[in-house]
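For reference, the structure discussed in these notes is given below.
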2 protein chains.
Amino acid sequence: MEKENLMNAVVADVTARRKGGRKTGGFTLRDVAKLAGVAPITASRALNTPDAVSAKVLQKVQAAVAQTGYVPNLLAGALASQKSRLVAAVVPTLSGPMFLETVEALTDTLAGAGYQVMLGQSGYENSREDALLDAIIGRRPDGIVLTGITRSPQARRRLLASGIPVVETWDLTPTPVDMLVGFSHEKIGAAVAQYLHAKGKKRVAAISGDDERSRRRATAFSEAAVRLGMALPQETDIPACLVTAPTTLGNGRSGLRELLQRAPDIDAVFCSSDLLALGLMIEAQASGIAIPRQLAVIGLGDLSFSRDLQPPLTTVRIDGTAIGSTAARFIIARSEGKSVAEPICDLGFTIIERASV
Amino acid sequence: MEKENLMNAVVADVTARRKGGRKTGGFTLRDVAKLAGVAPITASRALNTPDAVSAKVLQKVQAAVAQTGYVPNLLAGALASQKSRLVAAVVPTLSGPMFLETVEALTDTLAGAGYQVMLGQSGYENSREDALLDAIIGRRPDGIVLTGITRSPQARRRLLASGIPVVETWDLTPTPVDMLVGFSHEKIGAAVAQYLHAKGKKRVAAISGDDERSRRRATAFSEAAVRLGMALPQETDIPACLVTAPTTLGNGRSGLRELLQRAPDIDAVFCSSDLLALGLMIEAQASGIAIPRQLAVIGLGDLSFSRDLQPPLTTVRIDGTAIGSTAARFIIARSEGKSVAEPICDLGFTIIERASV
DNA sequence: TTGAAAGCGCTAACAC
DNA sequence: GTGTTAGCGCTTTCAA
């Protein structure tokens, strides 16, 4: 049979290639094309732009693909077309559950458009960031999504020089490297102070991770609190209790203990994450402090568990999913040659009122 | 000056390339080589195997790199060398915090060896898995790390045919596709039953996510419980209370309520995740049930918060970090041409005794 | 609608 | 130690 002979010939080709020098992979587009009796470029078109070939050719190519189990080499395609369909995402760490939603939404939205996400962890100190950036740029992704804004001029220059679309997230700045999807940490701090003040709180404090963004929220919170005439713990210059990032439940417990020593009469605490807030609630319960009657708590993140706590946790909701999917859309648009009309996007935040305040 | 002329010439080259047809990227290895006055391959060696070139050449190439800001195109390198230094990781979802540690350890360990991680989310139903697999294989990663074992024969065949090293994780099977790093869910179920029995518990139940692995743990738990003479809730055939995966704190609360209706006299509950256990503890506290006096709880995962709960949570510890770093080592070894001596690795588990039982 | 030629930017293999 | 040659597997451009 003709068809069998062809297949045998192609298999022989592959085997020969494997032996002769480099042990190169399996079937290639050329093999598929040969089997289908067309030129490689035609097979390529059948796979990438099926509308551009005749029904007959399409069918023959599809048959050849099925027969061989051919999977296109996207590396080669990327090299030739200058489109890698790869997007890099850089987070400080995965384990603070804050960025998870964003990475998840990013991955899902991009996967729907045929892109894959490459993950990078920078750590909270930006030391590894430069090396990471080179590793990323070297792969020529179609986009880079960064958590936080880029401070190092070195990194900014490299990003700019690469010409790769960049989305900075989880923060706001008038001078982004390229595009931006975030919200204002300062406004959150101020809004929380205002909220607690409106609820009649008089002596407030913050338990805050000591990463840069949390500190800015805590500072804004303290300044607004003072402006509104609320009292802060006085024993120290720092108006907040700082714990190491990423924040944990244990930090929340020890944070409350420390806070109560410094200022036993506080009536509200702003925690820089819901996990901290949960720790605080557990510690409060263990020490017989009633929430919200004796002490009000407000967290940040609106993690999935927050609504189900006892009492349900009042918190600042940040829509991590929207950040991820917006960033994905920005990158996809750019990568398809469209320019993004409004490349700076403030997604804001919402204070979710529940029973803990 | 000679040097400046050279640089100008090279820049002119790049500009010409950009105009003439394809708007190709920035500096290439050829430009760097030209600037350094050596052949491209020599520049390549200076970058990849610095020991293989003279000090003089090395210095000249490094100068040229610094001058141009050249970042090697790893896509092209991968195509030529058949080594992508990319590893794919597939998880059902990122948001159950169980797999986070694994992904984190994988990313970190691989980054140390110059590899990047590509992330894929398969969802708990394996429908998207086949498409995802093709997208992954198409990028010719040097390794694929899967969460769970691969059941679909279709997927197994494709993985095998690809010739890419595969590590299946978070489970055990005598017939892995390739390599395996995991533990036995059946043994966990049995061990927990045994543990509760040893603690004098008589009427036990399980609250379990309804994903495949959790169900197997719950089943093994129930069977062992019966064998040991403990009572299970009787109203239903299912010996456990199933909640939708991924498990949440809210599920834990509602799970306990449901369980208490069916069997008000239970004295111990095995939760398929620490998050469920936390929900159960919160619900118990809200209903005035004392833990562990009236009801003992054991979770699974030993998440970072578990030790800090009130009471601290007894749980089954699974070393997600070890799974990730072992998988990474397996892949690195393979990808360096070494064969992995013992490619099936049972990392086991530990019951961490705390106060909740 | 299809194809031939010419690369994408790099490295393996084999000289020198 | 360094260079020459010839691809890796695909897509672009241009011609038929």
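Here is how names work: the chains are called A, B, and so on, in the same order as the sequence lines, proteins then strands, and each is numbered from 1. Quantities reported herein were computed from a predicted structural model and do not represent experimental measurements.
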Inset, instruction - Please report, rounded to the nearest Å, how far the C1' atom of C:dT11 is from the CG atom of B:L29. - result: 9 Å

Legend entry - Between D:dT12 (P) and A:L47 (CG): distance, integer Å: 14 Å

Legend entry - Distance, rounded to the nearest Å, where A:K34 contributes NZ and C:dG3 contributes C1': 17 Å

Legend entry - Contact check, side chains of B:L86 and B:Y115, non-hydrogen atoms, under 4.5 Å: no

Inset, instruction - Give a yes or no on whether the backbone of A:A113 and the side-chain of A:R85 come within a donor-acceptor separation of less than 3.5 Å. - result: yes

Legend entry - 5′-ward residue of the pair B:I41/B:L75 relative to DNA chain C: B:L75

Inset, instruction - Would you kindly compare B:G37 and A:N73 by the position of their nearest DNA chain D nucleotide and give the one closer to the 5′ end? - result: B:G37

Inset, instruction - Please report the C-alpha distance between A:E168 and A:T173 in whole Å, then the side-chain angles of each, then the deciding distance to 0.1 Å, and finally whether the side-chain hydrogen bond (donor to acceptor under 3.5 Å, both in side chains) criterion is met. - result: CA-CA 9 Å; A:E168 289 163 288; A:T173 165; over 6 Å; no

Legend entry - Whole angstrom value for the distance that separates C1' of D:dT2 from CG of B:D51: 16 Å

Inset, instruction - Take atom NZ of A:K56 and atom P of C:dT2, then tell me their distance rounded to the nearest Å. - result: 10 Å

Legend entry - Side-chain heavy atoms of B:S152 within contact of B:D130, under 4.5 Å: yes

Legend entry - B:R85 CZ - C:dC10 P separation (whole Å): 16 Å

Legend entry - Residue mapping more 5' on DNA chain D - nearest nucleotide basis, B:A52 or B:A76: B:A52

Inset, instruction - May I ask you to evaluate whether A:T42 reaches the phosphate of C:dT1, defined as a side-chain N or O under 4.0 Å from OP1 or OP2? - result: no

Legend entry - Candidates D:dG3, C:dC10, C:dG3 - which lies nearest the side chain of B:R45: D:dG3

Inset, instruction - Check whether any side-chain N or O of A:S44 sits under 4.0 Å from OP1 or OP2 of D:dT11, and answer yes or no. - result: yes

Inset, instruction - Using a 4.0 Å heavy-atom cut-off across all strands, classify A:P40 as base, sugar-phosphate, or nothing. - result: nothing

Legend entry - Closest-nucleotide 5' rank along DNA chain C - winner of B:Y70 and A:V53: A:V53

Inset, instruction - Answer with yes or no whether B:R140 presents, from its side chain, a donor or acceptor under 3.5 Å of a partner atom in the base of D:dG9. - result: no

Inset, instruction - Kindly point out which of C:dG9, C:dT2, D:dG3 is positioned nearest to the side chain of B:A80? - result: C:dG9

Legend entry - A:W170 vs A:T102 side-chain heavy atoms within contact, under 4.5 Å: yes

Legend entry - Whole-Å gap separating P (C:dA12) and CG (B:L79): 12 Å

Legend entry - A:N48 side-chain N/O to D:dT11 phosphate OP1/OP2 under 4.0 Å: yes

Inset, instruction - Determine: side-chain N/O of B:S81 to OP1/OP2 of C:dC10, distance under 4.0 Å, yes or no. - result: no

Legend entry - Euclidean distance, atom CD of residue A:Q82 to atom C1' of C:dG7 [Å, nearest integer]: 10 Å

